[in-house]
S.K.: 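I'd like to ask you about the structure that follows.
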Amino acid sequence: MRPEPDKPINVLGGELIECGRDPVTGYFRDGHCNTCDADMGNHTVCAIMTDEFLAFSKYVGNDLTTPRPEFGFEGLMAGDHWCLCAARFLQAHDEGCAPRVVLQATHGRALEVVPLKVLRLYAA
């Protein structure tokens, strides 16, 4: 049985808007950074990919640029919107290479990991 998403509230307290559909993103692959208790990675931060962040992610072991057709994943490029794991976003912030964030599309549960003041630094 597929888990139900948590209430779609963004970090600003409003309705969670779509993050991206080209490529389609989100834990539920619904274009939104929806989450639930089964989402161990907390894929809640709607980020706009940059070459710098993609290189960092690959360096730390999560290659987001290489297509993985067996998973229906075409690979990401700069400019794509993607629901990042909150901890990976915070790590990128700590390393000075965090991407821009769409606050209205970032799920409120991101605040369990990333303070709002940090997310605001990268507001698109």
S.K.: Are Val102 and His81 side-chain neighbours, meaning at least one heavy-atom pair lies under 4.5 Å?
M.R.: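 Val102 reaches His81 side chain to side chain.
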
S.K.: Side-chain heavy atoms under 4.5 angstrom apart, residues restricted to Ile, Leu, Val, Met, Phe, Trp, Tyr: same cluster for Leu90 and Tyr27?
M.R.: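 Unlinked, Leu90 and Tyr27 end up in two clusters.
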
S.K.: So how far is it from Ile17 CD1 to Asn10 CG, rounded to the nearest 0.5 Å?
M.R.: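 Result: 7.5 Å between the selected atoms.
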
S.K.: For Leu64 and Phe73, which heavy atoms make the closest approach, and how far apart are they?
M.R.: O-CZ, 3.2 Å

S.K.: Are there more than 12 heavy atoms of other residues, nucleotides or ligands under 6.0 Å from atom CG of Asp22?
M.R.: no

S.K.: May I ask you to decide if Met77's main-chain N or O and Asp80's side chain share a donor-acceptor pair within less than 3.5 Å?
M.R.: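 Checked: pair present.
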
S.K.: Should Val113 and Leu116 be regarded as members of a common hydrophobic cluster, given that ILVMFWY residues are connected when their side-chain heavy atoms come within less than 4.5 Å of each other, either directly or indirectly?
M.R.: yes

S.K.: If we ignore hydrogens and angles and just use 3.5 Å, is the side chain of Arg120 paired with the main-chain N or O of Pro115 as donor and acceptor?
M.R.: no

S.K.: Do Pro5 and Phe28 have side chains that approach each other closer than 4.5 Å (heavy atoms only, starting at C-beta)?
M.R.: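 Side-chain contact under 4.5 Å: yes.
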
S.K.: Are Leu12 and Val114 in one and the same hydrophobic cluster, where Ile, Leu, Val, Met, Phe, Trp and Tyr link if side-chain heavy atoms are under 4.5 Å apart?
M.R.: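 Linked, Leu12 and Val114 end up in one cluster.
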
S.K.: Would the distance check show the side chain of Arg88 and the main-chain N or O of Cys85 forming a donor-acceptor pair, the cut-off being under 3.5 Å?
M.R.: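 Not at all, since once roles are kept as given, no pair shorter than 3.5 Å links the two residues.
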
S.K.: If you take all heavy atoms of Glu4 and Cys36, which pair is closest and at what distance?
M.R.: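 Closest heavy-atom pair between Glu4 and Cys36: O-CB, 3.4 Å.
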
S.K.: Go through it in stages, so that I can follow the logic: the residues are Asn42 and Glu112, the test is side-chain contact (heavy atoms from CB on, under 4.5 Å), and I'd like the CA-CA distance, side-chain angles, deciding distance and then a yes or no.
M.R.: CA-CA 9 Å; Asn42 193 349; Glu112 295 172 3; 4.2 Å; yes

S.K.: Any sub-3.5 Å donor-acceptor pair from His107's side-chain atoms to Arg109's backbone N or O?
M.R.: yes

S.K.: Could you please spell out the steps behind the side-chain contact (heavy atoms from CB on, under 4.5 Å) verdict for Cys19 and His32?
M.R.: CA-CA 5 Å; Cys19 180; His32 292 77; 5.9 Å; no

S.K.: Kindly list each side-chain donor-acceptor pair under 3.5 angstrom involving residues 53-62, sequence neighbours excluded, with atom names and distances?
M.R.:
residue, atom, partner, partner atom, Å
Ser57, OG, Asn62, O, 2.7

S.K.: Rounded to the nearest 0.5 Å, what separation is found between the CE atom of Met49 and the CZ atom of Arg100?
M.R.: 13.0 Å

S.K.: Using the rule that Ile, Leu, Val, Met, Phe, Trp and Tyr join whenever any side-chain heavy atoms are under 4.5 Å apart, tell me whether Leu76 and Ile48 fall into a single cluster.
M.R.: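 No: no chain of side-chain contacts under 4.5 Å links Leu76 to Ile48.
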
S.K.: Tell me if a side-chain donor or acceptor on Thr25 pairs with a main-chain N or O of Cys83 at a distance below 3.5 Å.
M.R.: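 Yes; at least one donor-acceptor contact below 3.5 Å.
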
S.K.: Would you find a donor on one side and an acceptor on the other, under 3.5 Å apart, between the side chain of His93 and the backbone of Gln91?
M.R.: no

S.K.: Run the side-chain contact (heavy atoms from CB on, under 4.5 Å) check on Leu111 and Val11 step by step: do they pass?
M.R.: CA-CA 7 Å; Leu111 298 175; Val11 294; 3.8 Å; yes

S.K.: Can you name the closest pair of heavy atoms from Ala78 and Asp51 and give their distance?
M.R.: CB-OD1, 3.5 Å

S.K.: To the nearest 0.5 Å, how far apart are CG in Leu16 and OG1 in Thr106?
M.R.: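 Separation between the atoms: 8.0 Å.
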
S.K.: Under 4.5 Å between side-chain heavy atoms, counting indirect links through other Ile/Leu/Val/Met/Phe/Trp/Tyr residues: same cluster for Leu121 and Val101 or not?
M.R.: yes

S.K.: Should Trp82 and His43 count as side-chain neighbours, where that means a heavy-atom distance under 4.5 Å?
M.R.: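 The answer is no; the side chains never approach within 4.5 Å.
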
S.K.: Report yes if some heavy atom in the side chain of Cys46 is under 4.5 Å from a heavy atom in the side chain of Cys33; otherwise report no.
M.R.: yes

S.K.: Looking at side-chain heavy atoms only, is the closest gap between Val45 and Leu119 below 4.5 Å?
M.R.: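 Answer yes - side chains close enough.
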
S.K.: Is a donor on one side and an acceptor on the other found under 3.5 Å between the side chain of Thr65 and the backbone of Asp63?
M.R.: no

S.K.: Restricting to non-hydrogen atoms, name the atom on Ala105 and the atom on Glu18 that form the minimum distance, rounded to 0.1 Å.
M.R.: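 In this case the closest contact between Ala105 and Glu18 is CB-O, 3.7 Å.
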
